[in-house]
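Remarks on the structure that follows.
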Amino acid sequence: MYISQMAAQSIVDEIGREICENVNIMDSRGYIIASTDPARIGGLHEGARKIIQERLGELYITSEMETASTRKGINLPIMIHGEIVGVVGISGEKEQVAGYGNIVRRMTEIMVNDSMQKDRHRYDRRVRYRFLEEWIARAGMVWDRNFVERGLRLGIDIERPRRVLAIHFERYQELSDTQEGQQHLETMEASVRHFTDQEKNILYLREPTKQLCFINACPDQKMQEIGEQLIELIRGKYGERIVIGIDSERSWKDGGHIGRLCEEAEKAAEYCEENGRDIMFYKELSVELFLDEISAGTMKKYLDKLFPVEEEELGYFMTIVSVYFQVDGSITRMAEVLFMHKNTIQYKLKKLEALSGKDIRTPQGASVYYMALAFYKKLYGESRLVRCV
């Protein structure tokens with residue numbers, strides 16, 4: 001067992017503030033790894049080494065015993081499960097430090113043990129993450145028994161049917177640009193991880209720009225409920241917005257590979273980000289499935305050919321098209337949303353038909369306009385439509 005330097009310095013700073021004395025922590029070899037006096041870090045503490053080698057219960061360094069690396073004060077072993085993992089030292093006169101030496105030692109042991117447990121949890125989590133990443137990457141491969149058993153040792157049964165839920169933080173890029181923002185992200189991610197830990201049927205994977213939840217196979221309604229709980233958790237606790245993408249129920253029923261399910265959930269989450277949705281299932285996507293394969297130039301040519309107008313006017317027409325699909329073509333509801341008379345709506349739709357040569361109220365025309373709307377959102381974003389209303 002070992003004490004991390006970061007954890008040791010945190011402990012030293014906290015204890016030093018409480019007792020107003022110089023405090024040092026030495027590792028299991030006797031080297032100072034943390035101190036209230038930064039100049040001493042890295043040096044060998046001969047008194048600590050003597051405690052470790054001879055398994056002493058304590059050692060007080062007198063004025064006569066002082067050396068360049070060892071100063072007057074009391075030094076005590078840090079014991080964890082019967083093993084000396086380090087030494088804590090308090091500088092000062094014997095009558096000053098002897099009285100609370102054992103209290104400081106016990107405090108240090110408790111804090112060190114807690115830190116070690118956290119380090120073990122972090123290590124175990126990294127091992128699980130690496131396994132899950134490997135599982136995702138093994139697309140199309142037949143599982144060998146060794147890989148399956150590796151998973152079982154980690155508490156991961158890869159032969160059990162799963163579904164995938166992808167989580168994106170709306171302000172991820174903005175928050176990741178500052179140290180304070182990164183800490184905020186880590187706190188929110190920890191809340192999501194804690195939520196999944198409480199749910200015994202969920203495996204969790206944190207990746208740089210997203211989080212993935214692998215959930216025991218269940219109907220869409222249950223997936224929706226879990227997604228809504230996560231959204232409310234982050235909104236209620238931090239005032240932040242996340243979007244949720246969910247794979248297709250059909251894919252896991254057909255025995256789809258976990259990698260494919262991750263791609264589906266990720267695709268749905270990306271669409272949520274671009275279109276202001278909170279939750280979306282992969283099955284709801286249509287033209288969005290192949291938008292990334294079409295160049296921006298091709299999309300613009302399509303729009304220019306269909307609507308030979310200036311960009312501002314194009315945005316106005318696309319707003320009308322967007323509302324048309326939102327209300328399933330209801331003229332009455334369009335009039336309410338756009339604050340227009342129904343006759344004005346009819347006039348706008350006829351103008352669209354005259355401009356493009358396609359009637360949005362026919363199946364063929366609707367498909368053309370739906371494609372155009374998808375291209376417009378991809379090129380200019382959802383917010384442009386809002387401003388055009």
Side-chain angles (χ1 to χ4, degrees), residues 168 170 220 224 227-228 231 241 243-246 248-250 264 266-389:
H168 287 196
E170 184 181 46
D220 282 348
Q224 176 96 15
E228 289 173 349
I231 288 170
R241 178 174 179 262
V243 298
I244 303 286
I246 301 173
S248 64
E249 192 171 9
R250 179 176 177 179
E264 291 182 355
E266 177 71 4
K267 193 77 174 178
E270 288 173 358
Y271 183 83
C272 282
E273 284 188 294
E274 295 168 1
N275 294 275
R277 293 275 297 270
D278 288 333
I279 298 180
M280 189 161 192
F281 287 85
Y282 180 78
K283 67 181 181 181
E284 297 178 74
L285 299 175
S286 53
V287 65
E288 296 82 15
L289 293 175
F290 56 83
L291 279 182
D292 289 339
E293 300 174 17
I294 303 174
S295 70
T298 300
M299 292 183 195
K300 194 169 188 315
K301 285 180 182 178
Y302 182 91
L303 290 173
D304 290 343
K305 182 178 180 181
L306 194 63
F307 302 102
V309 295
E310 295 297 323
E311 188 175 302
E312 184 176 347
E313 191 175 4
L314 173 62
Y316 182 77
F317 283 128
M318 284 295 98
T319 298
I320 293 172
V321 171
S322 177
V323 173
Y324 178 89
F325 287 121
Q326 286 173 27
V327 300
D328 296 323
S330 168
I331 300 300
T332 300
R333 292 172 63 195
M334 284 185 72
E336 292 172 355
V337 172
L338 294 170
F339 302 103
M340 295 178 183
H341 193 277
K342 288 189 287 186
N343 290 342
T344 304
I345 298 294
Q346 296 282 13
Y347 169 76
K348 297 292 184 184
L349 294 180
K350 286 185 179 298
K351 187 173 181 181
L352 268 175
E353 182 181 356
L355 190 65
S356 66
K358 302 291 182 182
D359 184 355
I360 196 172
R361 291 164 291 192
T362 65
Q364 183 183 17
S367 63
V368 171
Y369 282 103
Y370 190 84
M371 181 80 74
L373 180 62
F375 286 176
Y376 185 86
K377 288 180 179 179
K378 186 71 174 178
L379 290 172
Y380 303 109
E382 184 87 12
S383 60
R384 182 76 68 91
L385 294 174
V386 174
R387 289 197 298 268
C388 291
V389 174

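Values below: every heavy atom of this structure, side chains too, minus hydrogens, waters and symmetry copies. If you read the sequence from its start, that first residue is 1, and numbering goes on from there.
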Any side-chain heavy atom of [X] sitting closer than 4.5 Å to one from [Y]?
{"X": "Leu303", "Y": "Leu379", "value": "yes"}
{"X": "Lys351", "Y": "Phe317", "value": "yes"}
{"X": "Met318", "Y": "Tyr380", "value": "no"}
{"X": "Ile246", "Y": "Lys283", "value": "no"}
{"X": "Tyr271", "Y": "Glu284", "value": "no"}
{"X": "Cys272", "Y": "Ile279", "value": "no"}

Sequence neighbours left out, cut at 3.5 Å: what donor-acceptor pairs do the side chains of residues 339-348 make with other protein atoms?
residue, atom, partner, partner atom, Å
His341, ND1, Asn343, N, 2.9
Gln346, OE1, Arg361, NH1, 3.1
Lys348, NZ, Tyr316, OH, 3.4

[X] versus [Y], closest heavy-atom pair with distance:
{"X": "Ile320", "Y": "Leu338", "answer": "CG1-CD1, 4.4 Å"}
{"X": "Val243", "Y": "Arg277", "answer": "CG1-O, 3.4 Å"}
{"X": "Ile360", "Y": "Ala366", "answer": "O-CB, 3.5 Å"}
{"X": "Val309", "Y": "Leu314", "answer": "CG2-N, 3.7 Å"}
{"X": "Ala268", "Y": "Gly245", "answer": "CB-CA, 3.7 Å"}
{"X": "Phe307", "Y": "Tyr369", "answer": "CZ-CE2, 3.5 Å"}

Once you round to the nearest 0.5 Å, how far does [atom1] of [X] lie from [atom2] of [Y]?
{"X": "Lys267", "Y": "Glu264", "atom1": "NZ", "atom2": "CD", "answer": "11.5 Å"}
{"X": "Leu306", "Y": "Leu355", "atom1": "CG", "atom2": "CG", "answer": "7.5 Å"}
{"X": "Glu228", "Y": "Ile231", "atom1": "CD", "atom2": "CD1", "answer": "7.0 Å"}

- Just by modelled atom types, is the Val327 backbone N or O under 3.5 Å from a matching donor or acceptor in the Ser330 side chain? no
- Message: Among residues at least two apart in sequence or on other chains, which ones pass side-chain hydrogen bond (donor to acceptor under 3.5 Å, both in side chains) with Glu336?
- Response: none
- Query: Any luck finding a side-chain donor-acceptor pair between His168 and Glu266 under 3.5 Å?
  - Reply: yes
- Side-chain donor-acceptor pair present, Ser322, Tyr376, cut-off under 3.5 Å: no
- Which residues pass the ring pair (Phe, Tyr, Trp, His ring centres under 6.0 Å) test with Tyr302, sequence neighbours left out? Phe375
- Task: Begin with the C-alpha distance, continue with both residues' side-chain angles, and end with the deciding distance and a verdict on side-chain contact (heavy atoms from CB on, under 4.5 Å) for Arg333 and Val323.
- Result: CA-CA 9 Å; Arg333 292 172 63 195; Val323 173; over 6 Å; no
